*Asks:* 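Before I ask anything, let me first share the structure, which is written out below as structure tokens.
The structure displayed is predicted, hence computed values, not measured ones.
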Amino acid sequence: QVQLVESGGGLVQIGASLRLSCEASGRTFSTTTAAWFRQNPGKEREFVAGISRAGGNRFYSQSAKDRFTISRDNAKNTVYLQMSSLRPEDTAVYYCSGGPRDKITVANYTYWGRGTQVTVSS
């Protein structure tokens with residue numbers, strides 16, 4: 001079983017930057033597409049950013065493009081989400097995930113972390 005642990009969330013002001021990290025147990029995760037999703041209570045889980053196995057392909061939601069950057073360091077079994085120009089609507093629990101294809105759908109992803117809270121104050 002792949003275990004994913006997110007960290008780096010917190011309370012920040014509008015316009016601030018924040019970097020989320022996702023550490024995976026073992027090396028299995030490095031063979032998968034990785035993605036970040038976010039979710040608020042009563043809402044659908046929303047795709048934010050994805051990255052291919054070796055990091056060559058990166059893809060983003062409309063909201064994340066030009067503000068967020070996803071990256072990975074497979075030697076460290078870690079995936080990152082660098083967030084800039086944060087807005088109140090970015091407030092959510094952010095989840096790290098892994099799956100077989102470069103897709104934006106929740107159904108593509110098999111492995112999930114427990115999430116880290118990001119709150120952007122207005």
Side-chain angles (χ1 to χ4, degrees):
Q1 181 180 356
V2 173
Q3 303 290 141
L4 306 178
V5 180
E6 302 95 336
S7 62
L11 174 63
V12 298
Q13 294 184 332
I14 294 171
S17 296
L18 198 61
R19 188 179 75 161
L20 306 183
S21 298
C22 171
E23 292 189 51
S25 62
R27 290 188 172 274
T28 304
F29 188 62
S30 68
T31 69
T32 73
T33 300
W36 290 93
F37 288 76
R38 64 189 183 190
Q39 189 171 30
N40 280 299
K43 304 294 184 180
E44 291 268 287
R45 190 161 295 192
E46 175 191 10
F47 171 80
V48 178
I51 186 168
S52 60
R53 179 188 61 79
N57 185 38
R58 302 176 185 183
F59 48 105
Y60 301 91
S61 69
Q62 181 177 343
S63 178
K65 66 182 181 181
D66 301 321
R67 296 192 302 128
F68 297 178
T69 300
I70 188 171
S71 61
R72 71 193 304 169
D73 184 344
N74 285 340
K76 298 173 66 176
N77 279 338
T78 303
V79 177
Y80 305 96
L81 184 67
Q82 178 67 51
M83 304 185 292
S84 299
S85 301
L86 285 163
R87 309 162 180 164
E89 54 262 42
D90 294 317
T91 295
V93 176
Y94 283 70
Y95 297 92
C96 181
S97 62
R101 307 298 179 200
D102 293 355
K103 294 184 176 293
I104 66 171
T105 58
V106 169
N108 181 65
Y109 295 91
T110 302
Y111 310 116
W112 295 90
R114 295 294 179 90
T116 185
Q117 177 72 48
V118 172
T119 303
V120 184
S121 65
S122 62

*Asks:* With side chains defined as the heavy atoms from C-beta onward, is the minimum distance between T69 and R58 less than 4.5 Å?
*Replies:*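 SC-SC contact between T69 and R58 confirmed.
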
*Asks:* Same cluster for V118 and V93 if Ile/Leu/Val/Met/Phe/Trp/Tyr side chains link at under 4.5 Å?
*Replies:*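 The answer is no; the residues belong to distinct hydrophobic clusters.
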
*Asks:* So, for T78 and S21, which heavy atoms are closest and what is the spacing to 0.1 Å?
*Replies:*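 Closest approach of T78 to S21, heavy atoms only: CG2-CB, 4.4 Å.
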
*Asks:* Give me the ring orientation class for W112 and Y95: parallel if the planes are under 30° apart, tilted from 30 to 60°, perpendicular past 60°.
*Replies:*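 W112 and Y95: perpendicular rings.
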
*Asks:* Which heavy-atom pair separates T91 from V120 by the least distance, and what is that distance?
*Replies:*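 Scanning both residues, the minimum pair turns out to be OG1-N, 2.9 Å.
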
*Asks:* Counting neighbours of CD on E23 that are heavy atoms of other residues, nucleotides or ligands and sit closer than 6.0 Å, is the number greater than 12?
*Replies:*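 No, because the 6.0 Å sphere around CD of E23 holds 12 heavy atoms or fewer from other groups.
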
*Asks:* Can you check whether G115's main-chain N or O pairs, donor with acceptor, with E6's side chain at less than 3.5 Å?
*Replies:*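 Yes, E6 side chain to G115 backbone: donor-acceptor pair under 3.5 Å.
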
*Asks:* Say you draw a straight line from OG of S84 to CG of D66; how long is it, rounded to the nearest 0.5 Å?
*Replies:*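 Answer for the OG-CG pair, S84 versus D66, is 11.0 Å.
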
*Asks:* Check the hydrophobic clustering (I, L, V, M, F, W, Y; side-chain heavy atoms under 4.5 Å; chains of links allowed) and say if L18 and L11 are grouped together.
*Replies:*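 Hydrophobic grouping puts L18 apart from L11.
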
*Asks:* Is there a donor-acceptor pair under 3.5 Å between the side chain of S25 and the backbone N or O of Q3?
*Replies:*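 Yes, the answer is positive, given that a donor and an acceptor are paired below the 3.5 Å cut-off.
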
*Asks:* Do side-chain atoms of S97 reach the backbone of A35 as a donor and acceptor pair under 3.5 angstrom?
*Replies:*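 Between the backbone of A35 and the side chain of S97 there is a qualifying donor-acceptor contact (under 3.5 Å).
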
*Asks:* Indicate the atoms forming the closest heavy-atom contact of S85 with S17, along with that distance.
*Replies:*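 Taking S85 first and S17 second, the nearest heavy atoms are N-OG, 4.5 Å.
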
*Asks:* Could you give the distance from OG (S63) to CG (D90), rounded to the nearest 0.5 Å?
*Replies:*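 The CG atom of D90 is 5.5 Å from OG of S63, to the nearest 0.5 Å.
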
*Asks:* So among W36, F37, F29, which one has a ring-ring contact (aromatic ring centres under 6.0 Å, His included) with Y109?
*Replies:*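 Of W36, F37, F29, ring-ring contact (aromatic ring centres under 6.0 Å, His included) with Y109 is met by F37 alone.
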
*Asks:* Side chains of T33 and D102: do they bring a donor and an acceptor to under 3.5 Å?
*Replies:*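 Yes, a side-chain donor-acceptor pair sits under 3.5 Å.
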
*Asks:* How far does CZ of R19 sit from OG of S71, to the nearest 0.5 angstrom?
*Replies:*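 Reported to 0.5 Å precision, the distance equals 7.5 Å.
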
*Asks:* Grab the two heavy atoms, one from L20 and one from M83, that are nearest each other, plus how far apart they are.
*Replies:*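 Here L20 and M83 meet closest at CG-CE, 3.8 Å.
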
*Asks:* Let me check something: do Y94 and L4 share a hydrophobic cluster, defined by ILVMFWY side-chain heavy atoms less than 4.5 Å apart, either directly or through other members?
*Replies:*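 Result: yes, single cluster for both.
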
*Asks:* If you measure from CZ on R38 to NZ on K43, what distance do you get to the nearest 0.5 Å?
*Replies:*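 Nearest 0.5 Å value for the CZ-NZ distance: 12.5 Å.
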
*Asks:* What's the spacing between L81 CG and T116 OG1 if we round to 0.5 Å?
*Replies:*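 Atom-to-atom, L81:CG and T116:OG1 are 11.0 Å apart.
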
*Asks:* Work out which heavy atom in I70 is nearest to a heavy atom in G50; give both atom names and the distance.
*Replies:*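 It is CG2-O, 3.4 Å.
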
*Asks:* Judged by atom type as modelled, is there a donor-acceptor pair below 3.5 Å linking the side chain of N57 to the main-chain atoms of S52?
*Replies:*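 Checking the backbone N and O of S52 against the side chain of N57, no donor-acceptor pair under 3.5 Å is found.
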
*Asks:* Take atom CZ of R53 as the centre, draw a 6.0 Å sphere, and report whether it contains more than 12 heavy atoms from other residues, nucleotides or ligands.
*Replies:*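 Atom CZ in R53 is not packed in, count stays at 12 or less.
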
*Asks:* For the CZ atom of F59 and the NZ atom of K65, what is their distance to the nearest 0.5 Å?
*Replies:*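 Spacing of CZ (F59) from NZ (K65) equals 15.0 Å.
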
*Asks:* Relative to Y60, does R67 satisfy both conditions: NZ or CZ under 6.0 angstrom from the six-membered ring centre, and within 45 degrees of the ring's axis?
*Replies:*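 Checked: cation-pi criterion not met.
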
*Asks:* For E89, does the CD atom sit with more than 12 other heavy atoms under 6.0 Å from it, leaving out its own atoms?
*Replies:*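 Enclosed.
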
*Asks:* So, for A92 and Q39, which heavy atoms are closest and what is the spacing to 0.1 Å?
*Replies:*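 Here A92 and Q39 meet closest at CB-O, 3.7 Å.
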
*Asks:* Any link between L86 and V48 through a network of hydrophobic side chains (Ile, Leu, Val, Met, Phe, Trp, Tyr) touching at under 4.5 Å?
*Replies:*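 The answer is yes; both residues are in one hydrophobic cluster.
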
*Asks:* Going by heavy atoms in the side chains, are I104 and S61 under 4.5 Å from each other?
*Replies:*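 A side-chain contact under 4.5 Å is absent here.
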
